[in-house]
Amino acid sequence: MLDVLAPVGKHIVPYTPEISVAFIACLLVVLGNDINRVLRKIMNGQHFVVRTVAFILLNAFGYGLFMIKATPYLSNWLRTFEPGLLLIVVLSSFTIIGMWAQKHRHV
């Protein structure tokens with residue numbers, strides 16, 4: 001089975017950095033509301049300015065920093081897979097995220 005998928009998988013190997021960015025972006029989109037909800041609970045009762053600064057720091061810098069720092073690690077990890085298995089991992093990962101998003105009404 002992997003031998004059949006290997007030729008297609010070889011075509012996506014050069015795109016592992018882009019696939020990693022897309023994967024992390026999808027995760028942040030699905031998890032963003034939950035993360036922001038936790039931040040709201042933590043910041044409940046704080047002054048408007050403090051809540052606003054915390055929101056900006058989390059969304060602009062926290063998510064961005066996470067994406068910048070996590071992408072190379074995920075990309076390097078994806079490159080450890082054989083091309084056929086890489087294709088299966090990528091397709092199944094995005095499918096699972098899509099199903100998760102659908103279940104939690106993000107889609």
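Within the 4.5 Å cutoff, no side-chain heavy atoms of Ile97 are placed close to those of Val29. Two residues are said to be in side-chain contact when any heavy atoms from C-beta on lie closer than 4.5 Å; Phe81 and Ile88 fail this criterion. You'll find the side chain of Trp100 reaches within 4.5 Å of the side chain of Leu31, heavy atoms only. A 4.5 Å side-chain heavy-atom check between Val50 and Met43 finds at least one atom pair inside the cut-off.
For Val8, the side chain to side chain contact (heavy atoms under 4.5 Å, CB included) partners two or more places apart in sequence, or in a different chain, are Leu87. With sequence neighbours left out, the side chain to side chain contact (heavy atoms under 4.5 Å, CB included) criterion links Ile68 to no other residue. Residues passing the side chain to side chain contact (heavy atoms under 4.5 Å, CB included) test with His11: none are found, sequence neighbours excluded.
A donor-acceptor distance shorter than 3.5 angstrom exists from the side chain of Asn76 to the backbone of Pro72, with no hydrogens or angles considered.
In terms of heavy atoms, Ser75 sits closest to Pro17 at OG-N, 3.5 Å. Across every non-hydrogen atom of Tyr63 and Gly32, the tightest pair is OH-O, 3.6 Å. When all heavy atoms of Arg51 and Gln46 are compared, the pair lying nearest together is NH1-O, 2.8 Å. Between Leu78 and Leu86, the closest heavy-atom pair is O-CD1, 3.5 Å. Val21 and Met67 make their closest contact through O-CE, 4.1 Å (heavy atoms, listed as atom of the first residue, atom of the second, distance).
Residues Val89 and Met99 do not share a hydrophobic cluster, defined by chaining ILVMFWY side chains whose heavy atoms lie under 4.5 Å apart. In the hydrophobic clustering of this structure, Leu65 does not group with Val53; members are Ile, Leu, Val, Met, Phe, Trp, Tyr whose side-chain heavy atoms approach within less than 4.5 Å, directly or through other members. Both Leu57 and Val49 sit in one connected hydrophobic cluster of ILVMFWY residues. Membership requires side-chain heavy atoms under 4.5 Å apart, directly or through other members.
When the shell of 6.0 Å around OH of Tyr73 is examined, it contains 12 or fewer heavy atoms from other residues, nucleotides or ligands. By the neighbour-count criterion of 12 heavy atoms within 6.0 Å, atom CZ of Phe55 is sparsely surrounded, having that number or fewer from other residues, nucleotides or ligands.
A distance of 8.0 Å separates CZ of Phe66 from CD1 of Ile35, quoted to the nearest 0.5 Å. Taken to the nearest 0.5 Å, the CG atom of Leu39 stands 12.0 Å off from the NZ atom of Lys41. Here the straight-line distance linking atom CG of Leu91 with atom CD1 of Ile12 works out to 6.5 Å at 0.5 Å rounding. Interatomic distance, CG of Asn36 versus CG of Leu58, reported as 5.5 Å (0.5 Å rounding). To the nearest 0.5 Å, atom CG of residue Asp34 and atom NE2 of residue His104 are 7.5 Å apart.
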